[in-house]
Amino acid sequence: MSTRDLAEAIDLATELSDLLLVRGGPRGQPASDLRRAVTRFQANLETGFRRRTLGASIAGLFDAAIAAGVSASSFRALRDAATAAGTLGSLAAWTRRSFRRQALIAEARRLASVVFTDRDAVEAARAGLITGFDALIEDASDVQEFIVVQDLTSLFAAIQRHLATTAMPLPRLVAYETAASLPSLALAHRLYSDAGRRQEIERGNRVTHPLFMPRVGKALAS
């Protein structure tokens with residue numbers, strides 16, 4: 001392990017772990033707990049690399065992020081950042097691989113607890129996971145980590161089954177179009193004969209003000 005390789009790996013691990021502290025993420029005590037976990041992780045990077053114990057530390061860091069309520073989309077963004085990171089040495093390559101794996105595992109765990117409201121959102125989540133798992137299973141196979149291949153394959157099958165079951169009873173999104181901008185109350189009454197469903201229409205569209213809904217948007221099919 002050269003000094004250059006170690007420094008590169010430490011920089012990458014610091015950069016990627018910082019991404020867990022996203023704007024608009026956890027607040028209050030969960031946010032404080034996560035900040036402390038990230039600080040401890042970064043303070044022990046050199047020791048972890050030298051003692052070859054960092055794998056468990058990275059897994060623990062993502063456990064802390066899950067406990068703090070970091071979203072699936074934030075884990076996906078971190079995974080994308082790790083994928084895009086350029087590396088020179090083998091230690092940084094290992095770091096990138098480890099963060100990608102743990103971010104994907106955390107994303108799957110978070111999606112398993114999401115309450116979806118429409119089938120399209122479930123299918124979008126499934127599509128993103130297919131791409132992620134395919135890439136990381138191939139990567140693990142390339143470096144001959146066949147136990148990892150087996151574990152990732154099992155997790156992928158489990159989360160796909162869960163999401164498929166979740167999607168079945170949910171309605172799809174459909175497009176709507178009105179001649180003029182309507183208040184969300186009026187639009188909900190027109191679409192569902194139920195003005196009380198205005199909030200789900202507001203959540204599903206980019207709403208500047210609930211009195212002025214977009215003329216073209218999306219709503220649940222039923």
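Remember, predicted model here, so these are calculated numbers, not experimental data.
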Quiz item: Is any side-chain N of the basic residue among Asp194 and Arg197 closer than 4.0 Å to the acidic one's carboxylate O?
Solution: no

Self-check item: Pairs touching residues 141-159 that satisfy salt bridge (Lys or Arg N to Asp or Glu O under 4.0 Å), sequence neighbours left out
Solution: Arg101-Glu145

Quiz item: Going by the salt bridge (Lys or Arg N to Asp or Glu O under 4.0 Å) test, which pairs reach into residues 111-132, not counting sequence neighbours?
Solution: Glu123-Arg172

Quiz prompt | side chain to side chain donor-acceptor pair (under 3.5 Å) partner of Thr83, the single match among Arg96, Arg100, Arg97 | solution = Arg100

Exercise. Quick one: list whatever passes salt bridge (Lys or Arg N to Asp or Glu O under 4.0 Å) with Asp80, sequence neighbours left out.
Key: none

Quiz prompt | Arg50: side-chain hydrogen bond (donor to acceptor under 3.5 Å, both in side chains) partners, not counting sequence neighbours | solution = Glu46

Quiz item: Listed by chain and number, what are the ring pair (Phe, Tyr, Trp, His ring centres under 6.0 Å) partners of Phe49, not counting sequence neighbours?
Solution: none

Quiz item: Does Val143 share a hydrophobic cluster with Ile105, counting links as ILVMFWY side-chain heavy atoms below 4.5 Å and allowing steps through other members?
Solution: no

Quiz prompt | With Ser98 via side-chain hydrogen bond (donor to acceptor under 3.5 Å, both in side chains) - residues at least two apart | solution = none

Practice problem: Search all heavy atoms of Ala65 against all heavy atoms of Leu20 and return the closest pair with its distance. | Solution: CB-CD2, 4.0 Å

Practice problem: Please list all pairs passing the salt bridge (Lys or Arg N to Asp or Glu O under 4.0 Å) test where one or both residues lie in residues 53-75, with sequence neighbours left out. | Solution: Asp63-Arg109

Quiz item: Residues two or more places apart in sequence or in another chain: which of them pass ring pair (Phe, Tyr, Trp, His ring centres under 6.0 Å) with Tyr176?
Solution: none

Quiz item: Leu211: which other cluster members, linking ILVMFWY side chains closer than 4.5 Å, directly or transitively?
Solution: Phe212

Quiz item: Taking only residues two or more places apart in sequence or in another chain, which ones pass side-chain hydrogen bond (donor to acceptor under 3.5 Å, both in side chains) with Arg198?
Solution: Glu202

Quiz prompt | Counterpart residues, side-chain contact (heavy atoms from CB on, under 4.5 Å), relative to Ser57 (two or more places apart) | solution = Phe41, Leu54

Compile the donor-acceptor pairs under 3.5 Å between side chains in residues 157-164 and protein atoms, sequence neighbours left out, one pair per line.
residue, atom, partner, partner atom, Å
His162, NE2, Ala112, O, 3.2

